[in-house]
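Structure first, commentary second.
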Amino acid sequence: MRGRIADMLSSCSLLDFGAVDLSREEEIFRGELNREILSFCEYLPQSMRTKAVLFLMKYFHVSFSDGLNFVNYFYAPAWSILFWLHRSCPDNRKLGPKYLKDAKTGHTMAMFLHAFDDHLTDEQLPVSHLALLMRSQSWMIMSQALERLARGVEEGTAIVADFIDDYYSSIGTSDETESLDSYCDFFRKQMATWLIVPVLMAKRIDVNEEFVRSAQMVYSSFGIAWRLLDDLQDLEKDLIKGTHSSLYTCLPNDIRKKWDRVKDEKVNQNGGPAGKVLNYILINGVIDQIRQRICSELESAACRADTCDLAGFADELRCLSKPLRNGECRS
């Protein structure tokens, strides 16, 4: 049994989304987002600019040889939603260059801040004067871009404020979700800042509220799928830290209590409460349950994207799910 548990943990850590082949146009678009990251550093005091660039290179695992491809840190649909929304826009409602530039700025900063905030608060990154400066400056740049984006959009200012409130209400409150469904609903709020630009763009493109709701649901499902994948990859880490991940919500109460004891008792996977939790997860197919939910979120999002003239985005979502449907792992 110990060998099977070890194999399960190894397989979880190797799970990953499938690769997305980008068009030349998407690569150009991604390059423009990469430049937003570099431009952000130019707003910092001169004495901190080089330090900030070096910090970001290390944080995003990039180098000059790969063209400082910061955005490659994120799965393609995280940012390509902007590309496909703009591409689907009718000629008579095309987004102007200034509006599109603000969309790129706002969304790039939102992507950065979501990861950066998480890593600062869980102490994966040390709090430093540079980190605090970068956090405050990127939030200011994002806020200003979103303010401009919201102008002329019906209830635009309220949309921005509501999403930001959702974000802070979710990250500032302990997660007491009791089921996988409620866990996923809770994460929709945690990714709220990522939703602002796609929703504002959708409202610019189509006054039909159904289109706006669909675009939001499509992108939310992608975000949820990514969160669930992350939970599978971090199963052992989350168990040791006592983090209530999506797998926790799939356990009965007696096994949840054992999960909560692992952090305090500091036992290994081969015995005590940790061993019992992992044994339950293995025997009861909890990994497959989460994997199936990931595929379900991606396929439902792809189907809805197809109906919204976002076929290219739908194809990307299906590329992500392919290895998970086939039970493959990254090497």
Under the 3.5 angstrom rule, does the side chain of Thr108 hit a backbone N or O of Thr105 as a donor-acceptor pair? no
[X] and [Y]: side chain donor to acceptor below 3.5 Å:
X: Ser321; Y: Arg325; answer: yes
X: His61; Y: Asn72; answer: no
X: Ser65; Y: Ser63; answer: yes
X: Arg188; Y: Ser220; answer: no

For residues 281-290, tabulate all N or O donor-acceptor pairs below 3.5 Å that involve a side-chain atom, not counting sequence neighbours.
| unit_1 | atom_1 | unit_2 | atom_2 | d |
| --- | --- | --- | --- | --- |
| Asn284 | ND2 | Tyr280 | O | 2.9 |
| Asp288 | OD1 | Arg291 | NH2 | 3.1 |

Give the C-alpha distance, both sets of side-chain angles, the deciding distance and a yes or no for salt bridge (Lys or Arg N to Asp or Glu O under 4.0 Å) between Asp231 and Arg227. CA-CA 6 Å; Asp231 287 348; Arg227 176 55 182 261; 3.4 Å; yes
Derivation of the side chain to side chain contact (heavy atoms under 4.5 Å, CB included) call for Met191 and Tyr219: CA-CA 10 Å; Met191 67 173 291; Tyr219 195 54; 4.1 Å; yes
Please say whether more than 12 non-hydrogen atoms of neighbouring residues, nucleotides or ligands are located less than 6.0 Å from [atom1] in [X].
X: Asp21; atom1: CG; value: no
X: Met48; atom1: CE; value: yes
X: Gln124; atom1: CD; value: yes
X: Glu155; atom1: CD; value: no
X: Glu27; atom1: CD; value: yes

Go through Asp166 and Gln190 one step at a time and tell me if the side chain to side chain contact (heavy atoms under 4.5 Å, CB included) criterion holds. CA-CA 7 Å; Asp166 281 346; Gln190 291 184 320; over 6 Å; no
Return the set of residues passing salt bridge (charged side-chain N to carboxylate O under 4.0 Å, His left out) with Asp230 (not counting sequence neighbours), or none when no residue passes. none
Would you say the ring centers of [X] and [Y] fall short of 6.0 Å from each other?
X: Tyr59; Y: His119; value: yes
X: Trp84; Y: Phe222; value: no
X: Tyr75; Y: Trp226; value: yes

Would you mind reporting whether Tyr167 and Asp117 have side-chain heavy atoms less than 4.5 Å apart? yes
Do the side chains of Lys104 and Glu36 get close enough for a salt bridge, i.e. N-O under 4.0 angstrom? no
